[in-house]
Undergrad: 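One structure, pasted below without further comment.
Keep in mind the model is a prediction, meaning the values are calculated, not measured. Every chain is numbered from 1, with letters handed out A, B, ... down the list of sequences.
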2 protein chains.
Amino acid sequence: MATKGQYTYAYPHPAVTADCVVFGYDGKEIKVLLIKRGKEKEADTTAYVGQWALPGGFLEVDRDKTIAHTAARELKEETGLKLSIKDFKEVGTFSDINRDPRERVITVAHYALVKLANVEASTDAEKAEWFSWNDIPHLAFDHDKILRVAFSRLKQDIHFEPVGFDLLPETFTLPQLQNLYESILEVKFDRRNFANKMKHYAILSEVEDDTPRHGTRTPVKYRFDKDNYDRLKRNGFQLEF
Amino acid sequence: MATKGQYTYAYPHPAVTADCVVFGYDGKEIKVLLIKRGKEKEADTTAYVGQWALPGGFLEVDRDKTIAHTAARELKEETGLKLSIKDFKEVGTFSDINRDPRERVITVAHYALVKLANVEASTDAEKAEWFSWNDIPHLAFDHDKILRVAFSRLKQDIHFEPVGFDLLPETFTLPQLQNLYESILEVKFDRRNFANKMKHYAILSEVEDDTPRHGTRTPVKYRFDKDNYDRLKRNGFQLEF
DNA sequence: TATATTTGCGTAAAATTCACACAAAACAAG
DNA sequence: CTTGTTTTGTGTGAATTTTACGCAAATATA
């Protein structure tokens, strides 16, 4: 099992990793950030070399305060993307006994939502790439499965939380917002009913467009009214779609 | 960190445990199954001796196919209660660096719903006890926190899944069902509206009561119409409350 | 026997969801 | 520049769902 390591235990211990599913949205499609394994000479990336995978890595027992810290640290190291601990939502644990050929590794999957425009610049293009949701390659380990579960988790969470805040740019249009919800929930809405519902929630503020529009063909820009949103959320708000 | 163990690794590994929050319902209150630590001479229960805690224990790296298997195995060993792997729902990972005084231990919390009447007999009373939700003692480790998170997870899941199936006895009354939902969601419903909604879902079948009632004061007994329920669930059913 | 509590049943008002039509604005093509 | 096509914004009536209640029958209790 172990080779010449200096850390010994009275009974076998598994290795623990954190993996990150980072979702973005470009106004058109959901995107996911992936890394190519083995490009860099990292000690532990000796499996699945050359394959695409989720960013992630091993818990550092003496350093990572929680597994979320592992996720944040590894994401930063592997993709250059620096997120806060609070940006990570836990998806679940994947612990199949043979999911890693090297040793027993259980991984705690996380997902994070990012404003694509803000982070594309800080992403280390040498190591990582954004993939459209409908164009994801086959991934290493059981990362295909993890990705599916993470997405379905996002799909659940959207009923209780403001994913728009995190995925959309500061200002956005109603059609963009609708497309985002449609992309995540994989359904279609009636444009007018969607607009009515949003108006009813009163969480959007119309933005004075810098480029003074002459007509209505160019969609109106909005921003989230965070105060209203947070208040509603505290009172047991539930976004219905 | 380690003492004289024979399992060595090139870098530190955490220990991994599974903990179980087992919920029951006695027709009146939500109950939770707890164990008293250190009653038995177990190798690893040297911490928090004498305190109440959630059932659970260490992942056996070479034996437990998944962490859910750990949960099931440990629950059986510690309380006598034998549940299927599929009965466990993962709540989340708890990984604070100092949550266990002995070594770095991260735990994967699970919850399970059981029919109290069915399992009370098979629970090893020497080791485990059922506690009313409103009368839970202070627990070992971070188990208080785990318990709270597990309950809030149950509260979420109830919107999408049939908890009644798992917690209620085969036949039950409408007031019992209502009380169960009220207990979990911590709200009160109008009796008549609750009945209407249930009738509308058409997942209940009236049961010919063995003790022939003369009046209506004794509530009518129902059982779940599992076929109808499963069909609705497949089609994207969502219990609304 | 009288009183209080619990259960079952039904309905009208209010709120929400749903289906749907049309005009203004921009872009594209000729 | 004219015309046709696409996209966006707006409103309304019908259908459905939720909500708020009233009342009588059936026990348990005093």
Undergrad: Does A:D190 or B:K199 map to a spot on DNA chain C nearer the 5' end, using the closest nucleotide for each?
TA: B:K199
Undergrad: Can you classify the ring geometry of A:F172 versus A:F224 as parallel (below 30°), tilted (30 to 60°) or perpendicular (above 60°)?
TA: tilted
Undergrad: Please check this pair: side chain of A:S95 against backbone of B:I67, looking for a donor-acceptor N/O pair closer than 3.5 Å.
TA: yes
Undergrad: D:dT18, C:dC22, C:dT17: which one has an atom nearest the side-chain heavy atoms of B:K197?
TA: D:dT18
Undergrad: What is the distance, to the nearest angstrom, from the NZ atom on B:K221 to the C1' atom on C:dT7?
TA: 15 Å
Undergrad: With respect to the side chain of B:P175, which nucleotide from D:dT27, C:dG8, D:dG9 is positioned closest?
TA: C:dG8
Undergrad: Take the protein atom NZ of B:K188 and the nucleotide atom P of D:dT19, then report the distance between them rounded to whole Å.
TA: 17 Å
Undergrad: With the side chain of A:N193 defined as its heavy atoms from C-beta on, choose the nearest nucleotide among C:dA19, C:dG10, C:dG8.
TA: C:dA19
Undergrad: Atom CG of A:L204 and atom P of D:dG9: how far apart are they, to the nearest Å?
TA: 12 Å
Undergrad: Using atom types as modelled, flag every donor-acceptor pair under 3.5 Å from a side chain in residues 80-89 of chain A to any protein atom, sequence neighbours excluded.
TA:
residue	atom	partner	partner atom	Å
A:S84	OG	A:K86	N	3.0
A:D87	OD2	A:S84	N	2.9
A:K89	NZ	A:E161	OE1	3.0
A:K89	NZ	A:E161	OE2	3.4

Undergrad: Could you give the CD-to-C1' distance, from B:Q178 to C:dT6, as a whole number of Å?
TA: 12 Å
Undergrad: Would you be so kind as to tabulate the donor-acceptor pairs closer than 3.5 Å made by side chains of residues 144-154 of chain B, with sequence neighbours excluded?
TA:
residue	atom	partner	partner atom	Å
B:D144	OD1	B:L139	N	3.0
B:D144	OD2	B:H138	ND1	2.6
B:S152	OG	B:V149	O	2.9
B:R153	NH1	B:V91	O	2.8

Undergrad: How many whole angstroms separate atom CZ of A:R192 from atom C1' of D:dA14?
TA: 15 Å
Undergrad: Measure from NE2 on A:H200 to C1' on D:dT10 and round the result to the nearest Å.
TA: 18 Å
Undergrad: Whole-Å distance between D:dT10 P and A:F194 CZ?
TA: 14 Å
Undergrad: Rounded to the nearest angstrom, tell me the gap between atom CZ in A:R191 and atom P in D:dG11.
TA: 14 Å
